[in-house]
Amino acid sequence: MRILLTGASGFTGLHFGQLAKQHGHEVVDCPVDLTDASAVKRAIECTGPCDALVHLAAISFVGHADESAFYGVNTVGTTNLLKAFDALPASARPRKLLLASSANVYGNCLQSPISENQPTAPVNHYAASKLAMEQMAQAYAERLPIVITRPFNYTGPGQATSFLVPKLVDHFARRAPVIELGNLHVEREFNDVRMVCEAYLRLLDHGESGQIYNVCTGTVFSLQQVLDTLKHLTGHDIAVRVNPAFVRASEVHRLCGAPDKLIGCIGPLPVYPLTECLSAMIQAHATQARPAPL
């Protein structure tokens with residue numbers, strides 16, 4: 001396939017681009033400013049026909065300082081992208097457009113694991129902007145073959161330390177004596193980015209247009225389990241302090257997804273143990289910290 005990729009230089013984009021190329025696909029970077037509708041239209045017209053779009057460009061850090069930017073990029077930016085594809089002749093449109101949303105749209109709910117039928121209830125601007133993106137995409141669903149994914153938490157080498165697991169890895173790898181965290185009583189899936197990218201690639205072939213798929217494993221870990229695993233891997237213990245500035249009043253306490261619909265569509269995905277993922281992140285941290293040769 002010839003795959004147009006937004007967010008190609010981001011955390012997930014780098015991993016997805018590498019995986020797609022390993023499978024023999026051509027990956028075309030689309031580094032356009034999504035908030036500029038005219039620029040988006042020109043970029044899509046100049047790119048030429050593609051078999052698929054994988055749309056990963058977004059503001060994804062929940063604590064991002066500019067709340068309006070969530071909607072400008074995630075909602076309006078995605079709408080600009082879909083509008084540009086909708087303006088193309090039918091013969092020039094991709095046969096699949098994959099839009100990455102987020103499991104954060106579910107908010108706090110009593111059901112666990114969470115299926116795609118669970119009512120959405122976003123509790124922060126990031127989640128609300130992603131849900132608005134999903135709803136805007138429905139306006140194009142009759143004309144464009146759109147598949148929406150809701151990935152649950154995932155991590156891996158290269159993720160920014162503003163996110164929880166890379167922050168933990170950084171502190172343990174540096175053997176820092178203390179780490180300041182926010183809500184300690186949270187449970188997340190903490191999946192491997194490689195699993196997420198594999199799911200996206202398979203959905204380009206097998207995902208049903210107009211459908212939403214949880215990208216998840218249904219396996220959750222407490223924050224304490226992650227801390228204990230990093231202690232075991234590094235041989236380092238660390239004092240944990242709660243910083244009130246990091247505590248979110250609207251924190252989602254548990255996010256565990258039901259992968260049944262995804263597996264039914266694309267088949268079982270490879271299993272990447274959390275220990276393996278964290279080990280790879282520690283190794284990547286060591287490589288980055290190593291002085292360059294003279």
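These figures come from a predicted structure and were not determined experimentally.
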Side chain [X], main chain [Y], donor-acceptor under 3.5 Å:
X	Y	result
Glu189	Tyr154	no
Lys130	Ala100	yes
Thr75	Ser129	yes
Asp66	Ser68	yes
His236	His171	no

Let me confirm one number: the [atom1]-[atom2] distance from [X] to [Y], rounded to the nearest 0.5 Å.
X	Y	atom1	atom2	result
Leu98	Tyr213	CG	OH	10.0 Å
Ile3	Leu201	CD1	CG	5.5 Å
Ser102	Arg150	OG	CZ	9.5 Å
Cys197	Gln18	SG	CD	9.0 Å
Thr234	Leu278	OG1	CG	10.0 Å
Ile266	Asp205	CD1	CG	10.5 Å

Which pair of heavy atoms, one from [X] and one from [Y], lies closest together, and at what distance?
X	Y	answer
Val242	Leu184	CG2-CD1, 3.5 Å
Ile148	Ala137	CD1-CB, 4.3 Å
Ala58	Val73	CA-CG1, 4.1 Å
Gln118	Tyr106	O-CE2, 3.7 Å
Pro94	Pro145	O-CG, 3.5 Å
Cys30	Leu4	CB-CD1, 3.6 Å

Would a hydrophobic clustering, with Ile, Leu, Val, Met, Phe, Trp and Tyr connected at side-chain separations under 4.5 Å, put [X] with [Y]?
X	Y	result
Leu56	Leu82	no
Phe172	Ile179	yes
Phe246	Leu181	no
Val76	Ile59	no
Ile44	Leu34	yes

Open item on the list: If you apply the rule side-chain contact (heavy atoms from CB on, under 4.5 Å), what do you find for Leu233 with Thr229, and how did you get there?
Closed with: CA-CA 6 Å; Leu233 290 172; Thr229 303; 4.0 Å; yes
Side-chain contact, heavy-atom cut-off 4.5 Å: [X] with [Y]?
X	Y	result
Val215	Tyr200	yes
Val226	Leu274	yes
Gln159	Val193	no
Val28	Arg2	yes
Leu5	Phe16	yes
Leu99	Met133	yes
Ile114	Leu255	yes
Tyr126	Tyr71	no

Side chains of [X] and [Y] only: does a donor on one sit below 3.5 Å from an acceptor on the other?
X	Y	result
Tyr140	Thr79	no
Ser112	Arg254	yes
His285	Asp170	yes
Thr217	Asn191	yes
Ser222	Glu187	no

Salt-bridge present ([X], [Y]; N to O < 4.0 Å):
X	Y	answer
Lys96	Asp51	no
Arg194	Glu198	no
Lys41	Glu45	yes

- [ ] Would you check, one step at a time, whether the test salt bridge (charged side-chain N to carboxylate O under 4.0 Å, His left out) holds for Glu116 with Lys261?
- [x] CA-CA 8 Å; Glu116 291 84 354; Lys261 183 176 179 180; 5.4 Å; no
Please determine whether the number of non-hydrogen atoms from other residues, nucleotides or ligands lying under 6.0 Å from atom [atom1] of [X] exceeds 12.
X	atom1	answer
His206	NE2	yes
Lys167	NZ	yes
Glu142	CD	no

TODO: Could you walk me through whether Gln211 and Val147 pass the side-chain contact (heavy atoms from CB on, under 4.5 Å) test, one step at a time?
DONE: CA-CA 6 Å; Gln211 292 298 307; Val147 166; 5.7 Å; no
- [ ] May I have the step-by-step check of side-chain contact (heavy atoms from CB on, under 4.5 Å) for Leu262 and Leu203, ending in yes or no?
- [x] CA-CA 9 Å; Leu262 179 70; Leu203 282 169; 4.0 Å; yes
TODO: Hey, can you tell me if His25 and His23 have their rings parallel, tilted or perpendicular (30° and 60° cut-offs)?
DONE: parallel
Task: Ring geometry between Phe70 and His125 (parallel below 30°, tilted from 30 to 60°, perpendicular above 60°) - done: parallel
TODO: Let me see the working for Leu269 and Ile263 under side-chain contact (heavy atoms from CB on, under 4.5 Å), right down to the final yes or no.
DONE: CA-CA 7 Å; Leu269 285 160; Ile263 293 172; 5.8 Å; no
